[in-house]
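Every chain is numbered from 1, with letters handed out A, B, ... down the list of sequences.
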There are 2 protein chains.
Amino acid sequence: MLPSSTVENYLKAIYVGEMHLADGQTLVPMGQLAGALGIAPGTATTMVKALFESGLVVYEPYNGVRLTAAGQKLAARVLRRHRLIELFLVQVIGMNWDEVHDDAEQMEHVVSDRFIERIDEMLGQPEVDPHGDPIPTADGRLPHRALETLLTCPLHTPVTVARVTDQDAAFLRFIESNNLKPGQTIEVEARDEVSDSVRLKGHNDERMTIGARAASKLLVTG
Amino acid sequence: MLPSSTVENYLKAIYVGEMHLADGQTLVPMGQLAGALGIAPGTATTMVKALFESGLVVYEPYNGVRLTAAGQKLAARVLRRHRLIELFLVQVIGMNWDEVHDDAEQMEHVVSDRFIERIDEMLGQPEVDPHGDPIPTADGRLPHRALETLLTCPLHTPVTVARVTDQDAAFLRFIESNNLKPGQTIEVEARDEVSDSVRLKGHNDERMTIGARAASKLLVTG
DNA sequence: CGTCACATTTTGATTATTCAAAATTACATC
DNA sequence: GATGTAATTTTGAATAATCAAAATGTGACG
């Protein structure tokens, strides 16, 4: 029985939910899952019980869910497809990075393995998508690089933007128009707790100040 | 209310069904529709009544269905998407023409207008898909070329294959391996009623004999 | 240890799509 | 005009996915 788009979305949401878990935690709370999928909590409970019956998740009532090995394999496959497709839409089709998410969201469930193989080849087996998010490998492994956010990286030191962890189109356009896309080199000049902001020196030594919330979504390498 | 994939498929099937109607006929019989969609006859009846309520089709019980202007517009849009995507998969992704149908069948319902605009542009606003099937224009018009089949074209006269009206993968592979794809020049040497076959002179003067049924699926221009 | 707030689950219902099989209708033929 | 076959419609039911709102469990805190 091949998984429906709905099942694939649940698995993907649990997969990324697990990655955002505070350490110590091993289960994704039902409320968080329902929130991520934009569905009513009761719906999530019903569906997760079905996923449990299929052996795709471990479900502890009132505590949360976690993927089994089988569930993880499927989830990684979907996330791989999503991220490859996003990169493909930007690189080959020429779409902007802020307009590819919805297409990828749909295509990930329907295109053939053949299609995915071909674009993976065309793109040269890429490791990250346009937002810098790592692309799971064909065998389901997710390459992990240790990155710092603009809130934690060293001051007055050139760093390279590696990843932007927010898919919101308006945010992405802001990042792009300020030359803060992955690959660009910047420097943190100061952080201010009180004003909740970070001052940056960017492209062409241009200065700008962004909020801490936004700064936390920009991941960099030294 | 935007149409579901299911509705789009019904409309598309009625649209192509209308094109295959014997002259005089204006309605697609329910049985034919159900057959084309691979669903039970009763299901077609139910759905067509719903399409009628939405104003997308004219439905005459026991006689058949036909698209309204609104239904035609939607159907042409879906068919346009399907054929553009097929060409895109062959031309850009590098898939074989016999393996693109299923992907196109799914993608046609989910990709954005932006995606379609971009590939239309990349492909240079093409008029036909890899099988030679005409691509409806963005405003819903279907360019129509008068073509003859290998059963009706003149004998001993060079003609160019323009269209192959069968999506079956095995048939398409046969056509390809015998150099009978759209664009190739061939000549009909003889037709034989009794043996129900057609003898051709193809690429490099290679001779071959194919059945009348197959010959009727190859459309050519003089 | 009782209570309150909040998260989670349960319940009852709805929508879309489908099927199989029974009932009905249309049409050609006798 | 009766009749039989084939197409079509009706009926009753199933599945997947969802919601709103009621019921229940959990954990924190006084």
Side-chain angles (χ1 to χ4, degrees), chain A residues 1-14 17-18 20-22 24-66 71 74 78 105-106 108-110, chain B residues 1-14 17-18 20-22 24-66 71 74 78 105-106 108-110:
Chain A
M1 209 72 52
L2 51 98
S4 65
S5 295
T6 305
V7 166
E8 290 190 339
N9 282 332
Y10 275 83
L11 296 176
K12 192 177 51 155
I14 297 167
E18 283 184 26
H20 295 150
L21 250 29
Q25 302 303 110
T26 60
L27 294 174
V28 178
M30 299 306 275
Q32 180 179 314
L33 178 60
L37 292 168
I39 59 179
T43 307
T45 299
T46 307
M47 188 66 194
V48 163
K49 283 201 279 194
L51 295 177
F52 173 72
E53 295 303 324
S54 312
L56 295 170
V57 304
V58 173
Y59 170 48
E60 293 181 16
Y62 294 103
N63 289 323
V65 246
R66 155 168 57 88
L74 281 173
V78 179
E105 198 67 34
Q106 295 297 129
E108 66 188 11
H109 306 297
V110 304
Chain B
M1 209 72 53
L2 52 98
S4 66
S5 295
T6 304
V7 167
E8 290 189 338
N9 282 332
Y10 274 83
L11 296 176
K12 192 176 51 155
I14 297 167
E18 283 183 29
H20 296 151
L21 248 30
Q25 301 303 110
T26 61
L27 294 174
V28 179
M30 300 306 275
Q32 181 179 314
L33 178 59
L37 292 168
I39 60 180
T43 307
T45 300
T46 307
M47 190 65 194
V48 163
K49 284 201 277 193
L51 296 177
F52 173 71
E53 293 304 324
S54 312
L56 296 169
V57 304
V58 173
Y59 170 49
E60 293 181 16
Y62 294 102
N63 289 322
V65 245
R66 154 166 59 88
L74 281 172
V78 178
E105 198 67 34
Q106 295 296 130
E108 66 187 12
H109 307 296
V110 305

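- Every residue two or more places apart in sequence or in another chain that forms a side-chain contact (heavy atoms from CB on, under 4.5 Å) with A:Ser5 is listed here: A:His109.
- If you walk DNA chain C from 5' to 3' and mark each nucleotide with an atom closer than 4.0 Å to a heavy atom of chain A, the marks span C:dT8 to C:dT10.
- In terms of heavy-atom proximity, A:Ile39 sits nearest to A:Tyr10 at CD1-OH, 2.8 Å.
- In this structure, A:Leu2 and A:Glu8 have side chains that are not in contact, with every pair of non-hydrogen atoms separated by 4.5 Å or more.
- Evaluation of the side-chain contact (heavy atoms from CB on, under 4.5 Å) rule for B:Val7 yields B:Pro3, B:Ser4, B:Leu11, B:Met47, B:Leu51, B:Leu56 as partners, not counting sequence neighbours.
- Listed by first and then second residue, the side-chain hydrogen bond (donor to acceptor under 3.5 Å, both in side chains) pairs that reach into residues 25-46 of chain A come to none, sequence neighbours excluded.
- Among residues at least two apart or in separate chains, side-chain hydrogen bond (donor to acceptor under 3.5 Å, both in side chains) pairs with a member in residues 50-65 of chain A are A:Glu60-A:Asn63.
- In this view, A:Glu18 satisfies the side chain to side chain donor-acceptor pair (under 3.5 Å) rule with no residue, not counting sequence neighbours.
- Residue-level contact check: A:Thr6 touches the backbone only, with heavy atoms under 4.0 Å from sugar-phosphate atoms and none from bases.
- Taking 4.5 Å as the limit, some side-chain heavy atom of A:Val65 sits within range of a side-chain heavy atom of A:Met30.
- Of the residues in residues 52-66 of chain A, those with a non-hydrogen atom less than 4.0 angstrom from any atom of DNA chain C are A:Tyr59, A:Pro61, A:Tyr62.
- The salt bridge (charged side-chain N to carboxylate O under 4.0 Å, His left out) analysis of residues 25-44 of chain B, with sequence neighbours excluded, yields no pairs.
- Qualifying salt bridge (Lys or Arg N to Asp or Glu O under 4.0 Å) partners for B:Glu105, counting only residues two or more places apart in sequence or in other chains: B:Lys12.
- Applying a 4.0 Å cut-off to non-hydrogen atoms, none of the residues of residues 25-35 of chain B approaches DNA chain C.
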